[in-house]
Amino acid sequence: MLNIKVYYEDTDVGGVVYYANYLKFCERARSELFFKKGLSPHQDDEFFVVKHVEADYIKSAVFGDDLVVTCKLTEKKAASVVMYQEVLRDGEVLFKGSFKLAYLKNFKPTKIPKEMFEVLNDEK
């Protein structure tokens, strides 16, 4: 889980969060899962990349909002995972998305180490 304050730079001229920033908020929350454990989502030549995204924009966040971004591991395979994420304001879902992440080593798909699964499965 990650708390985010919406700054002016996150919004368009109308003070509404720009659509692509929800994806950035989700990326930050996934990275935070690693940072909370003193780790990095990028380990030398091994890292996750987004392979597929399904995004549902429900309501708009605006300048000054306090948001919460959640992460939940919903599917795991040998070299990929699916993370379900929501962006909430006061408990109301504004955005939800499903992110398929592939694990690469030397830019080639490879088996995800057990400890990486444990980090991603840390938040319910």
Side-chain angles (χ1 to χ4, degrees):
M1 181 173 75
L2 176 67
N3 295 311
I4 292 180
K5 179 76 153 185
V6 175
Y7 294 108
Y8 185 71
E9 68 186 33
D10 299 319
T11 66
D12 60 18
V13 71
V16 175
V17 171
Y18 185 65
Y19 79 97
N21 287 336
Y22 293 93
L23 303 176
K24 291 180 181 183
F25 297 160
C26 289
E27 182 74 39
R28 289 180 200 164
R30 291 192 307 271
S31 292
E32 191 64 28
L33 293 174
F34 290 88
F35 297 151
K36 285 191 307 189
K37 301 253 184 207
L39 302 171
S40 172
H42 189 280
Q43 309 281 331
D44 299 318
D45 59 349
E46 298 182 35
F47 44 87
F48 287 97
V49 295
V50 176
K51 180 171 175 36
H52 180 78
V53 176
E54 291 181 22
D56 190 6
Y57 299 87
I58 301 162
K59 286 193 171 183
S60 297
V62 296
F63 176 68
D65 278 349
D66 291 309
L67 306 176
V68 173
V69 185
T70 64
C71 302
K72 182 178 181 184
L73 180 66
T74 58
E75 182 181 321
K76 64 180 188 175
K77 295 185 177 177
S80 69
V81 296
V82 175
M83 300 291 292
Y84 173 76
Q85 295 187 255
E86 293 180 335
V87 177
L88 304 103
R89 178 184 54 219
D90 297 324
E92 180 180 25
V93 178
L94 306 180
F95 169 90
K96 58 185 175 181
S98 179
F99 297 80
K100 184 173 187 174
L101 309 172
Y103 193 73
L104 304 182
K105 182 174 183 173
N106 296 318
F107 295 95
K108 295 180 181 174
T110 192
K111 185 176 179 181
I112 301 171
K114 181 183 176 193
E115 60 272 10
M116 292 294 189
F117 280 129
E118 291 171 3
V119 170
L120 293 174
N121 201 32
D122 192 41
E123 190 166 320
K124 309 295 183 241

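Keep in mind the model is a prediction, meaning the values are calculated, not measured.
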- Task: Verify salt bridge (Lys or Arg N to Asp or Glu O under 4.0 Å) between K24 and E27, making sure each step is shown before the conclusion.
- Result: CA-CA 5 Å; K24 291 180 181 183; E27 182 74 39; over 6 Å; no
- Item | Value rounded to 0.5 Å, distance of CD1 in I58 from OH in Y22 | 10.0 Å
- Salt-bridge test for E46 and K105: reply yes if a basic N is under 4.0 Å from a carboxylate O, no otherwise. yes
- Query: K96 side chain to V87 main-chain N or O, any donor-acceptor pair under 3.5 Å?
  - Reply: no
- Item | Counterpart residues, ring-ring contact (aromatic ring centres under 6.0 Å, His included), relative to F48 (two or more places apart) | Y103
- Message: Measuring from atom CE of M116 to atom NZ of K76, what distance do you get when rounded to the nearest 0.5 angstrom?
- Response: 14.0 Å
- Query: Which ILVMFWY residues can you reach from L104 by hopping between side chains whose heavy atoms are under 4.5 Å apart?
  - Reply: F47, V49, F107
- Item | Rounded distance (nearest 0.5 Å) linking atom OH of Y84 with atom OG1 of T70 | 7.0 Å
- Query: Same cluster or not: are V62 and Y7 linked, directly or through other Ile, Leu, Val, Met, Phe, Trp or Tyr residues, by side-chain heavy atoms under 4.5 angstrom apart?
  - Reply: no
- Message: Rounded at 0.5 Å granularity, tell me how far NZ in K51 sits from CZ in F99.
- Response: 15.5 Å
- Query: Any side-chain heavy atom of R89 sitting closer than 4.5 Å to one from V6?
  - Reply: no
- Query: With hydrophobic residues grouped by side-chain heavy-atom distances under 4.5 Å, do V82 and V50 end up in a single group?
  - Reply: no
- Item | Gap separating the CG atom of L73 from the CD atom of E118, nearest 0.5 angstrom | 11.5 Å
- Report yes or no: does N106 contribute a side-chain atom to a donor-acceptor pair with the main-chain N or O of K108 at less than 3.5 Å? no
- Cluster question for you: counting only ILVMFWY and a side-chain heavy-atom cut-off of under 4.5 Å, with indirect links fine, are I4 and Y57 together? yes
- Query: Should V69 and V16 be regarded as members of a common hydrophobic cluster, given that ILVMFWY residues are connected when their side-chain heavy atoms come within less than 4.5 Å of each other, either directly or indirectly?
  - Reply: no
- Looking only at non-hydrogen atoms, find the nearest pair between C71 and L33 and report the distance. CB-CD1, 4.1 Å
- Message: Take a 6.0 Å sphere around OH of Y19 and say whether it holds more than 12 heavy atoms from other residues, nucleotides or ligands.
- Response: no
- Euclidean distance, L67 CG relative to D90 CG, rounded to 0.5 Å: 9.0 Å
- Query: Do F35 and V119 belong to the same hydrophobic cluster, where Ile, Leu, Val, Met, Phe, Trp and Tyr are linked whenever their side-chain heavy atoms lie under 4.5 Å apart, directly or via other members?
  - Reply: no
- Indicate the atoms forming the closest heavy-atom contact of A79 with T110, along with that distance. CB-O, 3.2 Å
- Evaluate the side-chain proximity of L88 to V93: yes if any heavy-atom separation is below 4.5 Å, no if none is. yes
- Query: So, does Q85 use its side chain to make a donor-acceptor pair with the main chain of C26 at under 3.5 Å?
  - Reply: yes
- Item | Beyond-backbone contact of V17 with F95, side-chain heavy atoms, under 4.5 angstrom | no
- Message: Between V68 and N3, is there a side-chain heavy-atom distance shorter than 4.5 Å?
- Response: yes
- Task: Look only at the side chain of R30 and the backbone of L120, and say whether a donor-acceptor pair between them is shorter than 3.5 Å.
- Result: no
